[in-house]
Amino acid sequence: MYIDGQWLTEGPNFEVVNPATGAKLGSVLDASTDQVQAAITAAEGALPGWSGATAYDRATILYRAHTLMMERQRSLAELMTAEQGKPLKAAMNEVKYAADFLLWFAEEAKRIYGETIPSARPDQRFLVHKQAVGVVAAITPWNYPISMLTRKLGPALAAGCTAVLKPAESTPLCAIAVFEILDDAGLPPGVANLVTVSDPRPVGDLFCTHPAIRKLTFTGSTAVGRHLAQLAAPQLKRVSMELGGHAPFIVFDDADPVHAAKGVSLVKFLNTGQACISPNRIFVQRAILEPFLKTLEARVARLRAGDGTDPATSIGPLINEAAVAKVDLQVQDAIAKGATLHTGGYRLVDGGLERGCFYAATLLSAVSPDMLIYREETFGPVAAVIPFDEEDDVVAMANDTEYGLAAYIYTQNLSRALRTFEQLNFGIIGINDINPTSAAAPFGGMKASGLGREGAREGIDEYLETKLGGLSI
Ligand code: NAP
């Protein structure tokens with residue numbers, strides 16, 4: 001753990017394992033409540049100095065952290081592959097994406113502008129000033145174990161906030177590597193603190209109730225996000241919630257079915273389907289269903305599961321046994337209720353995969369609303385295809401979910417693309433595009449997918465208060 005600029009190494013700990021092999025990777029400290037309290041106190045103590053530093057000074061440290069992260073890209077990616085399971089190439093991409101947030105917010109730090117507003121009174125002037133929210137508590141998930149940290153710490157530190165971060169229990173080693181970078185970049189003691197724990201509940205409770213914490217930023221499941229938002233409500237703490245998704249992927253009959261199937265095969269199986277923006281319901285207009293399924297089946301059947309360090313691997317393991325069980329339950333439920341299984345549909349236990357959490361890349365069609373997979377986030381390598389006939393029907397079907405994070409539209413008809421874009425209730429929409437994300441673009445969801453946005457100009461606003469000065473001259 002890293003508290004007040006000091007690395008702590010002694011004390012009770014818990015194990016971290018490689019999900020591809022079950023091998024132990026290391027142990028990390030299991031923080032006591034007193035240690036979490038000490039981290040919050042350190043962040044509180046560092047706040048006046050850090051929020052009072054110039055934006056240029058804060059940016060300098062973020063620039064250095066960006067440089068260090070890119071210098072260490074390969075070793076960070078190797079660590080991520082071992083700890084989280086994604087193939088090395090995907091891990092390299094994630095480290096780059098993570099570093100982008102440090103660079104973007106180093107630049108945004110210098111653009112925290114206020115404004116003056118004309119008054120109706122001749123003797124009055126209005127002055128609008130932005131200031132750091134204060135001490136931030138951050139909780140992050142395991143599926144993107146480096147970029148989810150910098151997407152929060154980048155803007156928080158740029159804005160002048162100080163922070164205490166709790167990473168996921170499965171991926172604390174990646175978090176430690178990020179904090180080594182911040183330390184090496186010269187971040188003053190107490191400005192960012194890391195606590196690792198095996199049981200997140202006491203930390204979550206403390207983050208939500210401690211009076212020094214003015215803002216909670218959370219990325220994870222909707223169930224936990226709801227719980228934390230409720231806990232934080234009595235003190236009216238600011239919250240940002242980046243929660244679950246159930247992305248529709250709509251393929252209209254004027255799209256090229258082969259191109260669209262290629263897009264699905266790439267985005268659906270990214271990170272073994274363990275992404276909040278992963279397509280969960282693939283709606284295909286009936287006229288092109290056959291060529292679409294033919295191409296998708298061939299592509300899915302070719303995906304090779306394995307250890308992410310093997311260059312031939314296209315999909316890594318799931319994070320743990322519970323994830324395998326959940327995916328299999330959804331697949332078996334769908335088959336029992338009449339879905340067609342094209343390929344996959346089982347746990348992989350041969351060829352050295354028996355020690356890891358591997359599930360075969362799976363394609364289901366004839367999926368219907370009575371199936372679990374139609375409603376629940378899958379978080380696994382399963383593509384679920386649903387036929388549709390009319391544009392109005394598919395928009396209603398796509399919006400028929402409590403989630404509102406990402407959606408995808410494939411069409412060559414510009415009017416239809418814009419119409420559908422406007423009618424879908426999702427925060428991020430890819431139009432003939434499977435990667436609508438960037439540090440420069442606002443990321444976040446509507447409805448049960450969350451509150452607030454990360455990245456982009458909006459990302460730093462989440463860590464700023466607006467202060468009005470009224471001057472009589
Ligand atoms: P999760 O179970 O909600 O856990 C997320 C984080 O919250 C982890 O650090 C976890 O700690 C912690 N946590 C769990 N229960 C807690 C409690 N009672 N109090 C305080 N902290 C608690 O989610 P996950 O399985 O790690 O991540 C997958 C979910 O994240 C999916 O739903 C996915 O869609 C969502 N996600 C959303 C985005 C987005 O940007 N919208 C991005 C990535 C992921 P432990 O690890 O120790 O349990």
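All ligand and atom numbering here is 1-based and tracks the order in the structure. In this chain, numbering begins with 1 at the start of the sequence shown.
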Please examine the side chains of T150 and M69, heavy atoms only from C-beta on, and report whether any two atoms are closer than 4.5 Å. yes
If you count the atoms of ligand 1 from 1 in the order shown, which ones are under 4.0 Å from a heavy atom of E169? 45 (P), 46 (O), 47 (O)
Heavy-atom count check: over 12 atoms from other residues, nucleotides or ligands less than 6.0 Å from R111 CZ? yes
Under-4.0 Å heavy-atom contact with ligand 1, by part of T222 that carries it: neither
Out of all atoms in ligand 1, which are within 4.0 Å of some heavy atom of N143? Include the element for each. 43 (C), 44 (C)
N/O to N/O below 3.5 Å, does that happen between S198 and ligand 1? no
Residues, nucleotides or ligands: over 12 heavy atoms within 6.0 Å of K447 NZ: yes
Note: heavy atom closest to atom 18 (N) of ligand 1, options R201, R151, K166, belongs to R201
When distances are taken from atom 16 (C) of ligand 1, the protein heavy atom at minimum range is V224 CG1, 3.5 Å
Quick look: F207 vs ligand 1, heavy-atom contacts under 4.0 Å, and the answer is neither
When you measure from the heavy atoms of P167 to every atom of ligand 1, does any distance fall below 4.0 Å? yes
Would you call D184-R72 a salt bridge at under 4.0 Å N-O? yes
Could you label the plane-to-plane angle of the F105 and F101 rings as parallel, tilted or perpendicular, counting under 30° as parallel and over 60° as perpendicular? parallel
For E462, is there an ion pair with K215 - N to carboxylate O distance below 4.0 angstrom? yes
Is there at least one protein heavy-atom neighbour under 4.0 Å from atom 11 (O) of ligand 1? yes
Under 30°, 30 to 60°, or over 60°: which ring-plane class applies to F283 and Y374, parallel, tilted or perpendicular? perpendicular
Taking only residues two or more places apart in sequence or in another chain, which ones pass side chain to side chain donor-acceptor pair (under 3.5 Å) with E354? none
So does D310 pair up with R304, basic N to acidic O under 4.0 Å? yes
Strictly below 4.0 Å, N to O, side chains only: are E454 and K152 in salt-bridge contact? yes
Can you find an N/O atom of S221 closer than 3.5 Å to an N/O atom of ligand 1? yes
Is it the case that R281 places NZ or CZ above or below the six-membered ring of F249, under 6.0 angstrom from the centre and within 45 degrees of the axis? no
Please identify which atoms of ligand 1 are closer than 4.0 Å to at least one heavy atom of L243. 34 (O), 37 (C), 38 (C), 39 (C), 41 (N)
Can you tell me the protein heavy atom closest to atom 27 (O) of ligand 1 and the distance? P141 CB, 3.5 Å
Under 4.0 Å, heavy-atom basis, I'd like to know which part of E377 is in contact with ligand 1: side chain, backbone, both or neither. side chain
Here the pair of heavy atoms bringing L157 nearest to W50 is O-NE1, 3.0 Å
Atoms of ligand 1, numbered as shown, that sit under 4.0 Å from any heavy atom of E242: 37 (C), 38 (C), 39 (C), 40 (O), 41 (N)
Could you tell me the separation between the CG atom of L405 and the CD1 atom of I428, rounded to the nearest 0.5 Å? 4.5 Å
Y144 six-ring centre to K86 NZ/CZ under 6.0 Å and within 45° of normal: yes
Checking a contact table here: which protein heavy atom is nearest atom 38 (C) of ligand 1, and how many Å away? C276 SG, 3.1 Å
Hey, which atoms in ligand 1 end up nearer than 4.0 Å to a heavy atom of I139? 6 (C), 7 (O), 9 (O), 12 (C), 20 (C), 21 (N)
Measure the distance from atom 25 (O) of ligand 1 to every protein heavy atom, then report the residue, atom name and distance (to 0.1 Å) of the closest one. W142 NE1, 3.1 Å
What part of Y144, side chain from CB on, backbone N/CA/C/O, both or neither, has a heavy atom under 4.0 Å from ligand 1? neither
Quick test: of every protein heavy atom, which one is nearest to atom 9 (O) of ligand 1, and how far off is it to 0.1 Å? T140 O, 2.7 Å
For L405, atoms of ligand 1 separated by under 4.0 Å from a heavy atom: 41 (N)
Option set S147, P200, G220, criterion heavy-atom distance to atom 48 (O) of ligand 1, minimum: P200
Residue F379 vicinity, atoms of ligand 1 by number, heavy atom under 4.0 Å: 28 (C), 31 (C), 33 (C), 34 (O)
Of the side chain and backbone of S449, name the one, both, or neither that has a heavy atom under 4.0 Å from an atom of ligand 1. neither
Short list, please: which atoms of ligand 1 are under 4.0 Å from a heavy atom of F443? 39 (C), 40 (O)
